[in-house]
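Just below is one structure, and these are the notes that go with it.
The analysis underlying the following values was restricted to heavy atoms, covering all of them including side chains, and did not include hydrogens, waters or symmetry mates. These numbers were taken from a predicted model, which means no experiment stands behind them.
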Amino acid sequence: MTTTTVTTAPPEKHAPAAAADERPRTRRRGLAPGKRLPAARLTGPLLLLALWAAASAAGRLDPGAVPAPWTVLETGARLWTDGTLTDDILTSLQRAGSGFAIGLTAGVLLALASGLTRTGEALIDGTVNLNRAIPTLGLIPLFILWLGIGETFKIAIIAIVVYIPIYLNTHAALSGIDHRFVELAEVQGLSKLAFIREIVVPGALPGFFVGLRLGVTGSWLGLVVLEQINATSGLGYLMFQAQNYGQSDVILVGLVVYGVFGLISDSVVRLIERRVLSWRRTLSN
């Protein structure tokens, strides 16, 4: 009778691995800001408005210097009803829009001419930076002598305020395009027009939108000063007249309207930027 001996292999040691799998895994904290909150940009202004209302209700603010929000709202409604505020807003929008359109066109064309050709850079870039070094509002007396005291000099000053940031940021974006893309376009045999369309424009758009936002803000900042110089209408003129009569509520109405228009225009530019540059993966999106 034959006896068979069965040798059993020692069991594999899976226990430590299983124990390691059962350990709670700590999730690594993300470095990104997180999801975008809806209407997040309104949080700051609404908080400021709430603090203003609370301080006015508690009697912490002098009504003669800083009227309560409801007083400013009543004054704005009265000015709107009698047509004063409506006419001034339309006049200011026309001035800001005309100057912004001229400045936008000039800034883009000069940036393209300076950024794409060495001759243009030699002729344009130094001149624009010299203009940037001169305070724009300091040009007002000279422009009054050249263009008179009508609407023309106001629009011209706004155009200068707008075109400088648009030129600087667009030119910087053009200069920052990677040279390897240029070499790739040459290897692919792209024409000058195709090179501008496929390489230059997408590469310059981020800088252009930064300059555009600064230009929009600059148009409103320039307008509030210009409309207090020999003007007969506009929000700045309304505020200047209110200063002469000590009407701080009217001044605050003008400031609120300027702020609302500035916030809306900047939000529109940001929205367009987000749509046009949706292909970029950035912290903002």
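- Taken together through direct or relayed side-chain contacts under 4.5 Å among Ile, Leu, Val, Met, Phe, Trp and Tyr, Leu145 and Ile134 form parts of separate hydrophobic clusters.
- Here the CG atom belonging to Leu46 is positioned 11.0 Å from the CG atom belonging to Leu51, to the nearest 0.5 angstrom.
- Atom CZ of Phe181 sits in a sparse spot, with 12 or fewer heavy atoms from other residues, nucleotides or ligands closer than 6.0 Å.
- The side-chain heavy atoms of Leu123 and Thr127, taken from C-beta on, include no pair separated by under 4.5 Å.
- Each side-chain hydrogen bond (donor to acceptor under 3.5 Å, both in side chains) pair with one or both residues in residues 63-73, not counting sequence neighbours, would appear here, but there are none.
- Shown here are the side-chain hydrogen bond (donor to acceptor under 3.5 Å, both in side chains) partners of Tyr167, two or more places apart in sequence or in another chain: Ser114, Asp125.
- Both Leu93 and Leu255 belong to a single network of hydrophobic side chains, linked directly or stepwise wherever heavy atoms of I, L, V, M, F, W or Y lie under 4.5 Å apart.
- Both Ile196 and Leu112 belong to a single network of hydrophobic side chains, linked directly or stepwise wherever heavy atoms of I, L, V, M, F, W or Y lie under 4.5 Å apart.
- Remark: Ser233 OG to Glu151 CD distance equals 6.5 Å, nearest 0.5 Å.
- Counting all heavy atoms, side chain and backbone alike, Ile199 lies closest to Ala185 at CG1-CB, 4.5 Å.
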Would Asn169 and Phe209 count as a side-chain contact (heavy atoms from CB on, under 4.5 Å) if you check the C-alpha gap in whole Å, the side-chain angles of each, and the deciding distance to 0.1 Å? CA-CA 8 Å; Asn169 287 275; Phe209 277 109; over 6 Å; no
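- Side-chain atoms of Asn129 and Leu168, non-hydrogen and from C-beta on, do get closer than 4.5 Å to each other.
- The line from OG1 of Thr119 to CD1 of Ile124 is 10.0 Å long, rounded to the nearest 0.5 Å.
- Under the 4.5 Å side-chain criterion, counting only non-hydrogen atoms from C-beta, Thr75 is not in contact with Leu252.
- Looking at residues two or more places apart in sequence or on another chain, you find a side-chain hydrogen bond (donor to acceptor under 3.5 Å, both in side chains) between Tyr258 and Glu227.
- Residue Ala204 comes nearest to Leu174 through the heavy atom pair CB-CD2, 3.5 Å, listed as atom of the first residue, atom of the second, then distance.
- When hydrophobic clusters are built by joining Ile, Leu, Val, Met, Phe, Trp and Tyr residues whose side-chain heavy atoms come closer than 4.5 Å, directly or via intermediates, Met239 is not grouped with Leu90.
- A heavy-atom distance below 4.5 Å is found between the side chains of Val72 and Trp52.
- Here the shortest heavy-atom pairing between Ala156 and Leu147 reads CB-CD1, 3.9 Å.
- Distance check: Leu238 CG to Gln228 CD gives 10.5 Å after rounding to the nearest 0.5 Å.
- Asp82 approaches Leu79 most closely through the heavy-atom pair OD1-O, 2.5 Å.
- Every residue two or more places apart in sequence or in another chain was checked for a salt bridge (charged side-chain N to carboxylate O under 4.0 Å, His left out) with Glu74, and none qualifies.
- Side-chain atoms of Leu104 and Phe208, non-hydrogen and from C-beta on, do get closer than 4.5 Å to each other.
- A salt bridge links Glu121 and Arg118; the closest N-O separation between the charged side-chain nitrogens and carboxylate oxygens is under 4.0 Å.
- Residues Val162 and Gly215 share a closest heavy-atom pair of CG2-O, 3.5 Å.
- Expressed to the nearest 0.5 Å, how far CG of Leu137 lies from CD1 of Ile229 amounts to 7.5 Å.
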Check against side-chain contact (heavy atoms from CB on, under 4.5 Å), Ser92 and Phe261: CA-CA 11 Å; Ser92 296; Phe261 280 148; over 6 Å; no
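- Between Arg180 atom CZ and Leu184 atom CG the span is 10.5 Å, to the nearest 0.5 Å.
- A single hydrophobic cluster is seen to contain both Leu110 and Val108, as judged by linkage of ILVMFWY side chains at heavy-atom distances under 4.5 Å, directly or through other members.
- A distance-only check finds a donor-acceptor pair linking the side chain of Ser219 to the backbone of Val216 [under 3.5 Å].
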Go through Val250 and Tyr245 one step at a time and tell me if the side-chain contact (heavy atoms from CB on, under 4.5 Å) criterion holds. CA-CA 10 Å; Val250 178; Tyr245 293 102; over 6 Å; no
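- The number of heavy atoms from other shown groups lying within 6.0 Å of CD (Gln241) is above 12.
- Between Leu212 and Ile272, the closest side-chain pair of non-hydrogen atoms is not below 4.5 Å.
- The minimum heavy-atom distance linking Leu223 with Ala96 is given by the pair CD2-CB, 4.0 Å.
- Side-chain contact check for Val161 versus Leu221: every heavy-atom pair is 4.5 Å or farther apart.
- Annotation: salt bridge (charged side-chain N to carboxylate O under 4.0 Å, His left out) contacts of Asp266 (sequence neighbours excluded): Arg41, Arg213.
- Partners of Glu198 under the salt bridge (charged side-chain N to carboxylate O under 4.0 Å, His left out) rule, at least two apart in sequence or in another chain, do not exist in this structure.
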With side-chain contact (heavy atoms from CB on, under 4.5 Å) as the test, would you mind laying out the steps for Phe195 and Val182 before giving the verdict? CA-CA 8 Å; Phe195 169 69; Val182 181; 4.0 Å; yes
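- No side-chain heavy atom of Leu235 sits less than 4.5 Å from a side-chain heavy atom of Val224.
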